[in-house]
Amino acid sequence: MSNPYSSLPAKKFWRSAVADRHMFDVSELWDPKFQIRPEDKVATYGSCFAQHIGRALKANGYQWHITEKPPVGLSDPEKFGYNVFSSRTANIYTTSLLLQWVKWAIEAESPPAEVWNDKGRSVDPFRPKIEPAGFVSDEEMRLSRKQVIKSFRDSITGSDVFVFTLGLTESWVNSGLGYEYPMCPGTAGGTFDAKNHQFVNHDYEMALSNLSQAIDLMRSVNGNLKFLVTVSPVPLTATYTDNNVIVATMESKSILRAVAAKISKMHDFVDYFPSYEIINSPVFKGVFFDPNQRNVNHAGVDFVMKNFFACLNGKFGGSGAAEIKSAAQAQADSKALVCEEELLNAFGKEKNK
Amino acid sequence: MRVCIISNSHAAALKQGIDELESRQIIDGLDLHFFASPANTLEDTALLDGKIVPTTDTVKKSFEISSGGLHEIVISDYDAFVVHGVFVYEGAFRALMDAEKGATFYSQAVLNELDPFNKTISSRIYRQIRTVSDADIIVSARPYLAIKPTDTPRDVVARDRFRAYINERFRAMHKLHAFFQPEETVTGGVFTKSEFNQGAKRGDDRYPDFQSGDGIHMNGAYGIHYIAALSQLLRSL
């Protein structure tokens with residue numbers, strides 16, 4: 001009997017796609033909308049997991065478009081936030097924080113004057129750990145921020161593809177002045193002020209609206225820019241909601257996953273890559289997480305990126321999956337991920353006793 | 001002016017130069033004292049009670065031989081210091097200069113990480129001295145490698161650009177000066193004329209003399225040029 005399912009390929013059915021296969025043989029997880037060629041310039045930003053994508057692109061001969069490069073000869077560029085994302089924005093966890101950076105980049109808004117002080121050193125509230133020892137002065141901090149905003153803009157205007165990994169829905173804002181911090185003041189720097197620092201947990205509409213606005217603004221200065229959206233599979237380090245962190249993680253990731261689905265359905269120049277599913281699906285039995293069940297291990301990163309390139313090559317041609325350089329090796333060659341959110345762990349330790 | 005020269009095996013040529021110039025009374029008024037220890041063994045020193053003291057027997061013995069019996073450097077005894085042979089050649093500053101003079105903004109911390117001076121033994125000794133003394137401190141690299149004078153075309157433009165940059169950078173540091181190899185000894189901009197690489201003495205009976213023409217160690221004639229030029233700088237401080 002003929003029906004709409006009878007002509008569907010094997011990947012559409014659980015038995016043929018999953019149950020009858022070894023989990024590492026699961027494939028065809030992504031049907032890319034557009035080609036990413038080795039000569040295309042790809043910018044990467046977002047949460048911690050986004051860092052894997054840039055490094056894997058570079059390791060496999062693609063152009064990871066870094067617009068704020070370290071000086072030649074700097075022995076440990078990651079220590080200063082170079083070669084982590086395309087410019088030294090540090091982690092951009094939320095869609096609203098992305099929108100804030102984009103507005104600064106296209107000069108729709110000016111960055112706030114706020115500077116934090118830590119033992120005589122100046123700290124950028126929007127990149128509190130970008131300089132390991134802080135800046136020597138407020139002026140140096142402002143000059144550095146001016147540089148990163150320019151470089152961030154260059155990565156918008158000069159790239160072919162903008163990869164953004166959605167990380168969190170929970171955020172902290174300066175309620176009086178109307179801007180968002182990447183980290184709650186008082187954690188990675190600054191001083192918490194209950195009067196002005198307000199917790200905001202983005203719902204679906206907020207997250208989608210902010211991402212949509214950010215994409216529109218970026219397209220207003222680069223009409224050819226394509227977007228690849230992913231959702232970080234890494235659970236929350238901590239939640240400020242009333243929920244248990246497991247529940248808060250599921251709620252947050254569900255919202256972000258839905259936003260990613262929606263935005264990619266809205267535009268032919270926005271695609272979604274399912275790194276979230278590859279790591280988090282019960283099919284993979286949690287094997288891609290470290291024992292703390294939060295950090296993604298090298299095998300997971302490798303599996304994600306092998307699928308990324310295999311799907312791209314499968315659809316558009318190119319090198320076969322067997323030729324793909326291990327993303328985990330690319331990571332191992334580099335430094336540990338730079339993930340400010342993990343600083344929140346320090347505030348939970350006392351409660352573990 | 002009491003001047004303390006702290007160096008490694010390259011002290012030998014300078015010592016011979018001093019002996020010659022003293023006999024000619026060319027460096028009157030300068031009281032030059034040596035503390036030398038081979039290769040990079042000057043790393044094995046520590047600051048203790050206002051003195052630079054050896055932390056190994058090798059350095060202790062070398063200080064004793066080179067200084068005429070002293071085991072440690074009493075910093076307050078000297079009006080100026082010359083740290084020779086453990087700095088870097090000018091070209092090492094290229095990355096820092098490019099970063100600082102380029103269009104991209106880099107923080108002071110990033111530039112400091114790039115600064116080749118910070119990675120040298122001369123910087124370490126500079127910091128040791130500066131902890132307790134306001135004296136002028138001069139740093140200089142070991143001699144350029146020796147080649148026959150006609151082997152390379154003369155190119156000093158880039159070298160002098162680096163020298164100007166080093167001088168500019170050192171002006172921001174308290175009483176720190178760079179001293180560069182005297183031009184009379186140089187060929188091709190960044191090489192030592194091979195005539196200065198013949199018959200170099202070590203000046204330490206524990207070891208044989210340097211192999212003549214080793215390309216690295218210079219003779220007393222080199223030391224004469226070096227000390228003559230250095231004495232001019234010392235008098236100008």
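Here is the naming used below: chain letters follow the sequence lines, and residue numbers restart at 1 for every chain.
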Segment of A/P132 engaging chain B (4.5 angstrom heavy-atom cut-off): neither
Can you establish whether the number of heavy atoms outside B/K175 located under 6.0 Å from its atom NZ is more than 12? yes
By side chain to side chain contact (heavy atoms under 4.5 Å, CB included) - contacts of A/N224 (at least two apart): A/N222
Exercise: do B/S107 and A/E131 side chains pair donor with acceptor under 3.5 Å: yes
For a 4.5 angstrom cut-off between non-hydrogen side-chain atoms, does A/Q147 reach B/Y106? no
Working for side-chain contact (heavy atoms from CB on, under 4.5 Å), residues B/F105 and A/E140: CA-CA 9 Å; B/F105 176 81; A/E140 184 180 65; 3.6 Å; yes
Would you please go through residues 108-124 of chain B and name the residues with a non-hydrogen atom below 4.5 Å from one of chain A, in numerical order? B/Q108, B/A109, B/V110, B/E113, B/L114
So for atom CG, which belongs to B/D57, do other residues, nucleotides or ligands contribute more than 12 heavy atoms lying within a distance under 6.0 Å? no
May I ask you to check whether over 12 heavy atoms, not counting those of A/E107, lie within 6.0 Å of atom CD? no
Region of A/K69 that comes under 4.5 Å of a non-hydrogen atom in chain B: backbone
What residues form a salt bridge (charged side-chain N to carboxylate O under 4.0 Å, His left out) with B/D49, not counting sequence neighbours? none
Contact residues of residues 80-100 of chain B (partner chain A; heavy-atom separation under 4.5 angstrom): B/A95, B/A99
Report, as yes or no, whether the 6.0 Å neighbourhood of atom CD on A/E114 holds more than 12 heavy atoms from other residues, nucleotides or ligands. yes
